[in-house]
There are 2 protein chains.
Amino acid sequence: MTRRTRRTSGRVTLDDVARRVGVSKITISRALREPWRVSEGLRQRIHAVIDELGYIPNRQAGALASARSRSIALLVPSLSNAVFSEVIRGVDEGFAGSGYQVLLGHTSYSREEEAHLIDTYLSFGVDGFIISGSQHTDSARQRLSRCGLPICEIMELPESPLDMAVGLDHEAAGHALTGALLELGYRRLGFIGARMDYRARRRLEGWQRALTEAGLSTAACLTTESPSDYRLGGQLLGELLEQYPALEMVCCVNDDLAAGALFECQRRGIRVPDQLGLTGYNGLDITEATTPTLSTVITPRRRIGVAAASRMLSRLEGDQGTEVLQDLGFEIALRESTRPAGG
Amino acid sequence: MTRRTRRTSGRVTLDDVARRVGVSKITISRALREPWRVSEGLRQRIHAVIDELGYIPNRQAGALASARSRSIALLVPSLSNAVFSEVIRGVDEGFAGSGYQVLLGHTSYSREEEAHLIDTYLSFGVDGFIISGSQHTDSARQRLSRCGLPICEIMELPESPLDMAVGLDHEAAGHALTGALLELGYRRLGFIGARMDYRARRRLEGWQRALTEAGLSTAACLTTESPSDYRLGGQLLGELLEQYPALEMVCCVNDDLAAGALFECQRRGIRVPDQLGLTGYNGLDITEATTPTLSTVITPRRRIGVAAASRMLSRLEGDQGTEVLQDLGFEIALRESTRPAGG
DNA sequence: CTGAAAGCGCTAACAG
DNA sequence: CTGTTAGCGCTTTCAG
């Protein structure tokens, strides 16, 4: 009794190429993956046939057979936040030419969504994870630590890293920025924040610590869990100034809010920095473009991506590596939106 | 003679679950994919065991066996351009709950990179492509049309679409915006553009056609192939004004350039719109945030994504559909950066 | 340097 | 409602 043969995708397979060349399929496979193990002439014939037939390897079959997919998952909170587009670029750069494919996922700042994406990418058989942040659901932590894959947490420096981590100390950055502002002579400082995720909260904590150490008030602080955008920056600034009209400086938890706050100042005719100072955080392009330019903390977003990729690659190639946390630091950039030193 | 058994990934498989429950693995598979075909009680036991064992299906194996990966590729030029983050969001929304996974790729505005990504995603076995734009390399066009997968080109309305398309007419949009400016009384118009891809060129053509129809000069036009950013907007504006100091309006090919141009005006003390009008294109958040707000053309980016996803889904579910091109239009938004009507 | 056989983990097809 | 068999397209292992 003849069963009907299973309908196939109709695509060209390794076997098609092999038959055409007149060798066995393993030889084609080797010509692709270990070319030095196949004789020169044969290799050329094989490549000619591959081009002729338009053969495209089936990675799923390859991954299934070899238990390695040559892909890694990169999980970021948001694709619309320019901060992460530079991280992504860095990761891409870091993997360029390695043969690994980066699969991008965005969690919309939700741990549950993150947990779900982790399962999804595990079922895709990724060989490793690069994940923004250190705040995961319990079940995600379990899944990640049990799967045995290399993991790199990025952006911050976790207290208990799952595996590797590359980032910077946001509390220290918030503290350093605030310290620099105090040195410029500012005394009445406010803070506005949106989307107060872990890193944002750490910046705020740094701001609070610096002020407390200087014996100054941390009361003028207004935060919300809403997503950050320009208009919200203006709105929060307005609300803060209503309560604290005498502020001489408003620190914004990120550059978007700072730019929005600046636009609002322009709308209200508040001169920056003469009447009010403003700072952002991250060092996005816009901070160098506005009039006045915005003082900010420059975070090494692209370098974080590159470093994460390169550490991931070493691990995938067998290195165990020693250091767990990698601190890439930050840079305080004082520009036109804060009064000049000695001013 | 016993061959050594192949080392496996160590992960829990369908078989592990099946043995534990005491049924055959196909039943587990069905409980997951066609739950209604498995008896209530058994289904519950199965799910309990799945949770207990932490089973995660292997999609590669599933895809290999079924010749469907339940994933689709979304190719955009850039992840740092806010235009595309909204398209992506739309596509995600459109596929939410469908069981399809969106695999995101970015081409860096390079056709060669696009062609390469197409091969990559074909080797991942995606079930369809959503691709920005209609400008592909010959080999990419061939690959796409031969693979037999549903394809949706987005953002523009291609002259010879590969399959489906969802977008808008950028030439018409450029023409309409310019027409509206002429109605406001502007007569000496300039244009600045960066990253002059197909869509940008179409906008410029619309601008030129409108001016030509009105018998006005299109000479004050300055474009570059460099990537677009805020600072470039300022720089191009400066160069254009040097050559054409009497301009009363500068149309920018996108919102980034327009915002940058506005910041440059503020730097130079040029009052907008009193001394110079400014327009952008796309309707990004920043256009509503700056002081003054920026006149622009609002493009339905998110809706394009949603529509592309939903048409892709219909095709994946067997509908053939009739219409090829889907025009989602645009909206002219005249705001504070252009003089008021009758002004 | 090349090949044969086995099997990765799953699902389609055909029973029962 | 549940099971058996075959095989997706590739790579591993072992032989020559």
Side-chain angles (χ1 to χ4, degrees), chain A residues 1-19 21-46 50 53 55-71 99 122-125 127, chain B residues 1-19 21-46 50 53 55-71 99 122-125 127:
Chain A
M1 192 208 82
T2 55
R3 283 164 171 275
R4 207 178 314 149
T5 178
R6 198 131 152 211
R7 69 142 192 353
T8 148
S9 62
R11 268 176 45 187
V12 180
T13 74
L14 214 45
D15 239 349
D16 297 327
V17 179
R19 265 194 298 270
V21 178
V23 294
S24 85
K25 62 182 178 176
I26 185 62
T27 302
I28 313 295
S29 173
R30 280 204 272 256
L32 258 21
R33 290 175 304 125
E34 307 166 299
W36 58 91
R37 299 188 52 185
V38 174
S39 64
E40 173 70 23
L42 183 52
R43 205 162 57 206
Q44 298 200 346
R45 275 204 296 141
I46 288 175
I50 284 177
L53 263 42
Y55 169 68
I56 295 177
N58 181 330
R59 283 180 87 127
Q60 336 214 41
L64 190 57
S66 67
R68 298 191 319 151
S69 66
R70 295 204 159 273
S71 65
L122 279 174
S123 82
F124 267 94
D127 296 335
Chain B
M1 194 210 82
T2 53
R3 285 164 169 274
R4 206 177 318 147
T5 177
R6 200 138 150 207
R7 70 147 193 345
T8 149
S9 62
R11 267 175 47 185
V12 180
T13 74
L14 214 45
D15 239 348
D16 297 329
V17 179
R19 264 195 300 271
V21 177
V23 295
S24 85
K25 61 182 180 177
I26 187 67
T27 302
I28 313 293
S29 174
R30 279 204 273 256
L32 258 21
R33 291 175 304 123
E34 307 165 298
W36 59 91
R37 298 188 53 187
V38 174
S39 64
E40 172 71 22
L42 184 51
R43 204 163 57 209
Q44 298 200 346
R45 273 202 297 142
I46 289 175
I50 285 177
L53 264 42
Y55 169 68
I56 295 178
N58 181 329
R59 282 180 87 128
Q60 335 215 43
L64 191 57
S66 67
R68 299 190 318 150
S69 66
R70 296 202 159 274
S71 66
L122 280 173
S123 83
F124 268 95
D127 296 336

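Given the structure is predicted, the values throughout are model-derived calculations rather than measurements. By convention in this document, chain letters (A, B, ...) are assigned in the order of the sequence lines, proteins followed by strands, and residues within each chain are numbered from 1.
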Measure the distance from [atom1] on [X] to [atom2] on [N] and round it to the nearest whole Å.
X: A:Ile26; N: D:dC10; atom1: CD1; atom2: C1'; result: 8 Å
X: A:Glu34; N: D:dT11; atom1: CD; atom2: P; result: 9 Å
X: A:Arg11; N: D:dC8; atom1: CZ; atom2: C1'; result: 12 Å
X: A:Arg70; N: D:dC10; atom1: CZ; atom2: C1'; result: 15 Å
X: A:Asn58; N: D:dG9; atom1: CG; atom2: C1'; result: 6 Å
X: A:Arg59; N: C:dC8; atom1: CZ; atom2: C1'; result: 17 Å
X: B:Arg43; N: D:dC1; atom1: CZ; atom2: P; result: 9 Å
X: B:Leu32; N: C:dA12; atom1: CG; atom2: P; result: 13 Å

State, with a plain yes or no, whether a side-chain heavy atom of [X] is found less than 4.5 Å away from one of [Y].
X: B:Leu42; Y: B:Val21; result: yes
X: B:Leu14; Y: B:Pro57; result: no
X: B:Lys25; Y: B:Val17; result: no
X: B:Ser69; Y: A:Gln60; result: yes

Could you tell me whether the phosphate oxygens of C:dC10, OP1 or OP2, come under 4.0 Å of any side-chain nitrogen or oxygen in B:Ser66?
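For C:dC10, OP1/OP2 do not have a side-chain N/O of B:Ser66 under 4.0 Å.
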Are B:Arg33 and C:dA12 close enough that a side-chain N or O sits under 4.0 Å from OP1 or OP2?
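Yes.
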Closest nucleotide of DNA chain C for B:Asp15 versus for B:Arg37: which of these residues is on the 5' side?
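So the residue in question is B:Asp15.
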Assuming nearest nucleotide by heavy-atom distance, tell me which of A:Thr27 and B:Ala61 is located more 5' along DNA chain C.
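Checking each residue's closest nucleotide, the 5'-ward one belongs to A:Thr27.
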Nearest of [options] to any side-chain atom of [X]?
X: A:Ser24; options: C:dG3, C:dT11, C:dG9; result: C:dG3
X: A:Ala65; options: C:dC10, D:dC1, C:dG7; result: C:dG7
X: B:Leu14; options: D:dC8, D:dT11, C:dC10; result: C:dC10
X: A:Leu42; options: D:dT11, C:dT2, D:dT2; result: C:dT2
X: A:Tyr55; options: C:dT2, C:dT11, D:dC10; result: D:dC10

Indicate whether the side chain of B:Ser39 and that of B:Arg43 have a donor and an acceptor atom separated by less than 3.5 Å.
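Note: B:Ser39 and B:Arg43 side chains miss the donor-acceptor criterion.
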Quiz question: going by heavy-atom distance under 3.5 Å, is there a donor-acceptor pair between the base of D:dG3 and the side chain of B:Arg30?
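Indeed, a donor on one side and an acceptor on the other fall under 3.5 Å apart.
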